[in-house]
Amino acid sequence: MDEITHGFFQAIHLILSADPALFEIVWLSLRVSGIALLLSTTLGVPMGAALGLARVWARGLITAFLYTGMGLPPVVVGLFVYLMLSRSGPFGALGWLFTPSAMIVAQVIIAFPLVAGLTMAAVQGVDAALRMQVRSLGATRWQELWAVLREARIGVVAAIVAGFGGIISEVGAVMLVGGNIEGKTRVLTTAIVLNTRTGEFALAIALGVILLALAFVANIAMLRLQGRS
Amino acid sequence: MKRTHWLLGLLILAAALSACAGTPTPAPPQPPAPPATSAPAPTAAAKAATTPTSIRSAVGSGCHLILSTTTSTFDSGLLGFILPDFEKKFNCKVDVVAVGTGQAMQIGQRGDADVVLVHDRAREDKFVADGYAKERFDVMYNDFIIVGPKDDPAQVKGMATAADAFQAIANAKATFMSRGDGSGTHAAEMRIWATIGITPTKSLEWYNSLGQGMGETLLSSNEKGAYTVTDRGTWLATASKLPNLVVLVGGNHISENKERALYNLYGLMAVNPDKFKGINAEMANNFVKWMVSPETQKMIGDFKDKATGQPLFYPNAK
């Protein structure tokens with residue numbers, strides 16, 4: 001129990017002392033997960049919406065794939081991305097392994113099914129009458145899509161939030177493809193693993209507290225997108 | 001109103017993206033990190049924060065070397081102690097990927113590291129034989145010890161050989177915790193079982209293969225009153241948190257350990273540049289030469305456990 005209380009105080013101390021090593025880790029966590037989320041959102045929201053609205057061939061199968069993707073173990077994603085980006089793998093020439101780029105790739109693969117799948121579910125929940133109405137007012141396809149997305153925004157933002165939660169807290173994939181290199185690919189979650197492994201339990205708890213606080217602030221910001229609801 | 005919120009959110013994300021996407025000239029929007037301006041000497045950590053995303057491509061002029069190694073060399077603090085000297089001398093940053101020995105060797109075998117520092121002699125020799133490295137170098141050693149519960153139900157305290165101790169544990173069916181993770185420590189344990197003709201399997205009630213790191217395995221042993229094999233360094237670093245465990249074979253100092261089977265040799269190998277494209281061969285060779293040089297060897301011996309003053313690694317380069 002000592003470690004937990006000590007961890008809380010250490011978290012506060014770390015934040016107040018503006019520890020540069022901590023800021024570096026926090027900044028990298030936000031950068032990697034932020035970019036991964038942006039990419040997953042720009043790909044996943046339109047695709048989820050399209051799947052939810054259009055009569056796509058084999059939608060059932062695609063849906064099953066997406067929902068299965070939501071349950072992908074991050075370690076498996078990490079191993080897959082590692083083998084792809086390895087110097088012995090097909091994309092080794094990129095030189096992305098053990099860099100933040102590799103971590104972003106892995107996190108996009110983790111977050112994309114969450115964003116696309118939940119967006120699809122949200123869009124399917126929108127009353128079909130709205131689409132008829134918008135179309136009868138002479139809306140283009142894109143305007144129609146936009147109207148439906150706005151109507152479904154609570155669910156869509158929840159999809160983005162779920163994607164963010166999935167990757168900011170993820171450790172298995174970033175550990176494998178990033179390598180937890182100090183000053184280069186060390187993020188909050190891998191730093192927590194390292195400190196646990198070396199017995200620095202209080203510091204690990206402190207980083208956990210900071211991770212939660214960050215996720216909380218980020219989620220508040222994203223929830224504002226839902227507007228009054 | 002809502003539309004502006006959406007746009008604002010996208011704008012923030014886009015800003016984050018552009019900060020990352022590899023435009024090296026303008027400094028990315030920094031979090032409130034004062035050191036770059038206010039502190040007289042910016043730390044390495046603060047500088048690294050401004051490094052663009054892709055290290056390999058973006059730091060065109062910046063040399064860096066990837067060292068894949070076991071958790072013990074990094075977690076003990078040894079690499080943090082000696083590497084700054086190399087980085088200064090050769091003006092080359094060392095990226096340490098600290099993982100289990102099994103994974104560290106895999107990373108080397110796929111050409112994803114430039115140098116490999118591990119402790120599993122049999123696999124190291126195979127690594128060289130298979131052509132992944134041209135040569136293996138001795139750099140340092142320490143030792144393993146057998147720890148167990150204070151009441152010592154298998155009566156192994158003071159036994160001269162690890163094999164006798166293992167036999168006693170097996171006879172008593174006393175709870176034993178194995179790393180079970182393909183690490184160098186796990187390999188050493190398996191070698192000892194092999195000498196007495198026992199192949200531990202999950203059907204043995206008393207044998208537990210954890211698949212975890214040394215720290216976790218020691219904690220579990222402490223909780224369950226089990227025997228386990230540990231490297232002395234990790235034991236020294238964590239013994240204060242393991243009140244139920246004591247050293248049973250190997251003594252309190254490496255000089256008391258007469259058992260050859262418990263010696264833990266670290267081998268250093270530069271990955272063969274003929275096998276893979278993109279290996280930083282020149283710097284890898286510099287690194288090997290530097291590690292076996294008398295100055296670095298002395299530094300390794302000077303690195304001591306804070307609590308006990310014992311060295312954690314003993315240099316033995318030829």
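Chain naming here is simple, since letters A, B, ... match the order of the sequence lines and numbering starts at 1 in each.
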Sort [X] into side chain, backbone, both or neither according to what part of it lies under 4.5 angstrom from a heavy atom of chain A.
X: B:Lys275; value: neither
X: B:Gln212; value: neither
X: B:Ile107; value: both
X: B:Lys241; value: side chain

Segment of A:Leu83 engaging chain B (4.5 angstrom heavy-atom cut-off): both
Ion pair check, A:Arg87 and B:Asp114, cut-off under 4.0 Å: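 So A:Arg87 pairs with B:Asp114 through a salt bridge.
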Ring center gap for B:Phe86 and B:Phe287 short of 6.0 angstrom: yes
Side chain to side chain, B:Leu79 and B:Thr69, heavy atoms closer than 4.5 Å: yes
Greater than 12 external heavy atoms within 6.0 Å of A:Phe8's CZ: no
Atom CZ of B:Phe303 with >12 non-hydrogen neighbours under 6.0 angstrom: yes
